[in-house]
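Some notes on the structure that comes next.
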Amino acid sequence: MAQGVEIRGLGEHVGTVVTIRGWVQTTRVHGKVAFVVVRDGTGIVQGVVVQKEVAPELWQLFPELTLETSVHVTGMVRAEPRAPGGHELSVSDIRVVGPSPDYPIQPKEHGVDFLLDRRHLWLRSSQQRAIMRVRNEVEKSIVDFFYDRGFLRLDTPILTGAIGEGGAGLFEVEYFEQQAYLAQTGQLYAEAGAAALGKVYTFGPTFRAEKSKTRRHLTEFWMVEPEVAWADSDDNMRLQEDFVSYLVARALERCAEELKLLERDTAPLERVQPPFPRLEYSDAIPLLQQKGSEIHWGTDLGAADETVIGEMYDRPVFVTNYPKQAKAFYMKENPADPRTVLCDDLLAPEGYGEIIGGSQREDDLDRLVARIQEQGLPLASYEWYLDLRRYGSFPHSGFGLGVERTVGWITGRPHIRELIPFPRMLNRLYP
Ligand code: 4AD
Ligand code: MG
């Protein structure tokens, strides 16, 4: 008898007796036949108990098999095309491992705060499991994409002295006698890596002390940031459109079941193919104003503006060359219009907004120093970063893609809080 068989592998055990281990999802009793549905993380299976074929103790156990009770279930595997997963167990024994009286999350509508307070349990529900599977696939696709193209993964620090993006939204940490910050980005270190290794990427958690509550902002989120030596802003956008198209295609190919469970209309995702349209910031402003936006030249696009632009196209769209004052200090001045920088934001369609921010980097030492000072950042903490311009400066570009926003778009979920296992937001540090 096979012990501890995974539910997804039951097909290899048809006609034999196995024991599976998992959590009770539902039970039903129909006269002299009872059913128990069990989940183990690899799949779900229904066990069938026939009263006259089992010991009375097993039959009497049924009322104890409440939602999320952990169990060992032993039975003969039968092919059953109508059952979820295509198999059924003719149960001969059930052993309760851990009872679960009064499981707080019941199959009914719960408020989102109630669920977030119980995130450690909410993760067990079918939609949340599907989202985590898509996230897992996106993360694996990220690593595969860069590995296959000869990029080297460079893990960058989370405790940093130099401010990565700007003074707003920093988490300050006491670092012995010094002031440290949780990394807003790994980019500055990835730039050093690009000079050493050519094409690199960093992939990890990043932190922003976002004081506002929105459906797009976490205080801790995962970002992948490639950095490429000798690449200009156009090369950078070509890499982004190839990358995003690859992530979407992989999810469509390998997460069809999950997307179906989440009721995601996949037609808009099927259209995600390069090239993506490109729209200059300066051309976007009059378009937005015509549509009633109060935006004026010089400020960053708001969430509503991003939605409007995103809805003008059937695939993701690049908005390029923003005004200097709306963007971070490290972006390269645009020679064609020095009021702007060589950068792009990639906006997802269907109202999902910015998923990528990218730019060519300022490689001129004097201009970079001036930008750091203009933004009131402490020059001394950037001495090491300025060395990259002092010793063999080189054109280079890179970008950052937010994992949660990307998974939100792919799965069609409107709020970022569901897209990471344990969200960190303004008012949420537990569980
Ligand atoms: O546009 P951002 O701020 O760019 C950077 O951090 C650059 N250093 C990237 C680079 O060039 N290497 O952030 C990049 C992406 C955004 O487009 C968004 O997807 C995500 O990171 N992001 C957030 N996701 C969730 N919550 C937040 N508070 C986020 N802030 C940014
Ligand atoms: Mg951005």
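Both counts, for ligands and for their atoms, begin at 1 and track the order of listing.
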May I ask you to check whether [X] has an N/O atom sitting below 3.5 Å from an N/O atom of ligand 1?
| X | value |
| --- | --- |
| Gly402 | yes |
| Pro226 | no |
| Glu225 | yes |
| Glu210 | yes |
| Ile416 | no |

If we check side-chain hydrogen bond (donor to acceptor under 3.5 Å, both in side chains) with Asp344, which of these qualifies: Arg278, Gln360, Gln240?
Gln240

Using 0.5 Å steps for rounding, measure from the OH atom of Tyr352 to the CD atom of Glu311.
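Output value for this atom pair is 11.0 Å.
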
Short of 2.8 Å from the Mg ion (ligand 2), name each protein N/O/S atom, waters not counted.
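Near the Mg ion (ligand 2), the protein supplies Glu354 OE2.
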
Can you tell me the protein heavy atom closest to [atom] and the distance?
| atom | value |
| --- | --- |
| atom 28 (N) of ligand 1 | Leu218 O, 2.9 Å |
| atom 16 (C) of ligand 1 | Glu354 OE2, 3.2 Å |
| atom 31 (C) of ligand 1 | Phe221 CZ, 3.4 Å |
| atom 15 (C) of ligand 1 | Gly400 O, 3.6 Å |
| atom 19 (O) of ligand 1 | Ile355 O, 2.9 Å |
| atom 18 (C) of ligand 1 | Arg405 NH1, 3.6 Å |
| atom 8 (N) of ligand 1 | Glu165 OE2, 2.5 Å |

Going by an N to O cut-off under 4.0 Å, is there a salt bridge joining [X] and [Y]?
| X | Y | result |
| --- | --- | --- |
| Asp144 | Lys140 | yes |
| Arg208 | Glu210 | no |
| Arg135 | Glu139 | yes |

Classify the angle between the aromatic ring planes of Phe171 and Phe207 as parallel (below 30°), tilted (30 to 60°) or perpendicular (above 60°).
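Plane angle over 60°, so perpendicular.
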
Within less than 4.0 angstrom of ligand 1, does [X] place any heavy atom?
| X | answer |
| --- | --- |
| Ser359 | no |
| Glu404 | no |
| Arg216 | yes |
| Arg424 | no |

Cation-pi, Phe422 ring and Arg424 (6.0 angstrom, 45 degrees)
no

At a non-hydrogen distance cut-off of under 4.0 Å, which region of [X] contacts ligand 1 (side chain, backbone, both, or neither)?
| X | answer |
| --- | --- |
| Thr185 | side chain |
| Thr206 | neither |
| Tyr330 | side chain |

With heavy-atom distances below 4.0 Å as the criterion, list the atoms of ligand 1 near [X].
| X | value |
| --- | --- |
| Phe399 | 9 (C), 10 (C), 11 (O), 12 (N) |
| Met223 | 6 (O), 13 (O), 14 (C), 15 (C), 21 (O) |
| Ile356 | 17 (O) |
| Arg361 | 10 (C), 11 (O), 12 (N) |

Could you check, using the six-membered ring where one of them is a Trp, whether Tyr382 and Phe329 have ring centers closer than 6.0 angstrom?
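Here the rings of Phe329 and Tyr382 have centres that are less than 6.0 Å from each other.
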
Is there a donor-acceptor pair under 3.5 Å between the side chain of Glu241 and the backbone N or O of Phe276?
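Side chain of Glu241 to backbone of Phe276, a donor-acceptor pair under 3.5 Å: yes, one is there.
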
Tyr103 vs Trp23, ring pair (Phe, Tyr, Trp, His ring centres under 6.0 Å): CA-CA, chis, key distance, verdict:
CA-CA 12 Å; Tyr103 187 68; Trp23 290 262; over 10 Å; no

Please test Asp232 against Arg361 for salt bridge (charged side-chain N to carboxylate O under 4.0 Å, His left out), starting from the C-alpha separation and ending with a verdict.
CA-CA 9 Å; Asp232 66 15; Arg361 316 309 189 189; over 6 Å; no

Could you walk me through whether Arg82 and Gln46 satisfy the side-chain hydrogen bond (donor to acceptor under 3.5 Å, both in side chains) test, starting with their C-alpha distance in whole Å, then the side-chain angles of each, then the deciding distance to 0.1 Å, before giving a yes or no?
CA-CA 11 Å; Arg82 287 166 304 174; Gln46 174 165 276; over 6 Å; no

Option passing side-chain contact (heavy atoms from CB on, under 4.5 Å) with Arg216 (candidates His415, Glu306, Glu404):
Glu306

Quick one: do the Tyr322 and Asp300 side chains pair a donor with an acceptor below 3.5 Å?
no

Cut-off 3.5 Å, side chains only: do Thr156 and Thr202 have a donor facing an acceptor?
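Thr156 vs Thr202: donor-acceptor pair found between side chains.
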
Audit row: Lys332, Asp363, salt bridge (charged side-chain N to carboxylate O under 4.0 Å, His left out) steps and yes/no
CA-CA 7 Å; Lys332 186 174 174 62; Asp363 46 10; 2.9 Å; yes

Go through Arg390 and Glu383 one step at a time and tell me if the salt bridge (charged side-chain N to carboxylate O under 4.0 Å, His left out) criterion holds.
CA-CA 10 Å; Arg390 289 189 186 108; Glu383 279 306 320; 2.9 Å; yes

Please compare Gln184, Arg208, Gln187 and report which has the shortest non-hydrogen distance to atom 6 (O) of ligand 1.
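Of the listed residues, Arg208 has the closest heavy atom.
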
Should Glu68 and Arg39 be marked as a salt bridge (charged side-chain N to carboxylate O under 4.0 Å, His left out) after you check the CA-CA gap, both sets of side-chain angles, and the distance that decides it?
CA-CA 9 Å; Glu68 296 300 327; Arg39 172 199 84 244; 2.8 Å; yes

